Amino acid sequence: MQTTLDQVLVQTRIAPALLSVDQRPAGTAVVWLSTDLTDHVEAIARNAACGSTPFVVHPDTGKLVRRLTVDAVERWNTDLLVSRMRGDRGEAATPALVGSIGRSGRLVVDTNGVPPLLTAALFPRDLRPVQSAADPDRVRRIAWVLLSVSGGTDDRFHFMREPGDVFSIERAVAVGHSGSSEKQIRLKARALIGEADEDRHLIELLQHDRYPAAVWDA
């Protein structure tokens, strides 16, 4: 596994960024890549276009890193791993994928990266405040919390559609290249909406003054 990933990293010219590879059950692995980025708000904004290796907070070090989950099929497919790390455009969504996301209007299929993503807005249109401006310090705290959650969750991350607008944050989950079944996609979609609702409640709490900046700077 390590040799295969090293070869891919050399091809993508990011071998020096490799921090570690965590083996997971059923043949999956999580690859951690180092980054010089330190601004959590910038990281969550850049996740909107960073492809399949989003910025997250490492659960052990607390530093910003990039995270790549490799499944049992992808681990033996060097070309596929290269395309994922480069963020190459993915294939068109399959009918099963499109037909599995329901008609809530909340979920979106994004095929601009590899693998495709399901995304859900934390603040749907009818729940967004009239004024989207938020205190910069609060936005920074919120970004830190959400990126920390992303770092400990397989295939999930957060991104900001509009830089600086906390109410434009969305939660995304990767749809595996190994060919997720319709049932698996439906389960992911259901879980994604529930997690997005939890994130929205968290943001609403962090907007209040009773959560001082000193708590998050400790």
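Both backbone and side-chain heavy atoms feed into the values below; hydrogens, waters and symmetry mates do not. Here the structure is a predicted model, which means the values were calculated and not measured.
Placement of Val30 and Leu18 in two distinct hydrophobic clusters is found when ILVMFWY residues are connected by side-chain heavy-atom separations under 4.5 Å, directly or transitively. By the rule that hydrophobic residues join a cluster once side-chain heavy atoms approach within less than 4.5 Å of another member, Val65 and Val21 end up as members of separate clusters. In the hydrophobic clustering of this structure, Val149 does not group with Leu68; members are Ile, Leu, Val, Met, Phe, Trp, Tyr whose side-chain heavy atoms approach within less than 4.5 Å, directly or through other members. Both Ile169 and Phe123 belong to a common hydrophobic cluster when Ile, Leu, Val, Met, Phe, Trp and Tyr are linked at side-chain heavy-atom distances under 4.5 angstrom. Cluster membership check: Val56 does not share its hydrophobic cluster with Val139, using side-chain heavy-atom separations under 4.5 Å among Ile, Leu, Val, Met, Phe, Trp and Tyr.
Between Leu122 and Ile203, some side-chain heavy-atom pair lies under the 4.5 Å cut-off. A heavy-atom distance below 4.5 Å is found between the side chains of Arg171 and Leu192.
By the salt bridge (charged side-chain N to carboxylate O under 4.0 Å, His left out) test, Arg156 is found to be paired with Glu195, residues two or more places apart in sequence or in another chain being considered. Every residue two or more places apart in sequence or in another chain that forms a side chain to side chain contact (heavy atoms under 4.5 Å, CB included) with Pro59 is listed here: Trp32. For Asp197, the salt bridge (charged side-chain N to carboxylate O under 4.0 Å, His left out) partners two or more places apart in sequence, or in a different chain, are Arg106, Arg200. For Glu42, the salt bridge (charged side-chain N to carboxylate O under 4.0 Å, His left out) partners are Arg46, not counting sequence neighbours. In this view, Arg161 and Thr119, Phe159, Ser168, Glu170 satisfy the side chain to side chain contact (heavy atoms under 4.5 Å, CB included) rule, not counting sequence neighbours. Applying the side chain to side chain contact (heavy atoms under 4.5 Å, CB included) criterion to Ala43, with sequence neighbours excluded, gives Leu37, Phe55, Leu64, Leu147.
Minimum heavy-atom separation, Ala120 to Leu107: CB-CD2, 3.8 Å. Shown here for Ser34 and Pro16, the closest heavy-atom pair between the two residues is OG-O, 4.4 Å.
If you take CG on Leu33 and NE2 on His58, they are separated by 10.5 Å, rounding to the nearest 0.5 Å. Atom-to-atom distance recorded for Ile142:CD1 and Ile44:CD1 is 9.0 Å, nearest 0.5 angstrom. Remark: Thr38 OG1 to Lys63 NZ distance equals 11.0 Å, nearest 0.5 Å.
Remark: side-chain polar atoms of Lys188 are paired, donor with acceptor, to backbone N or O of Ala174 under 3.5 angstrom. Checking side-chain atoms of Asn47 against main-chain N and O of His158 turns up a donor-acceptor pair under 3.5 Å.
Under the side-chain contact (heavy atoms from CB on, under 4.5 Å) rule, Phe157 has a single partner from Val173, Leu117, Thr53, which is Leu117.
For the ring-ring contact (aromatic ring centres under 6.0 Å, His included) condition, no pair includes a residue of residues 9-29, sequence neighbours left out.
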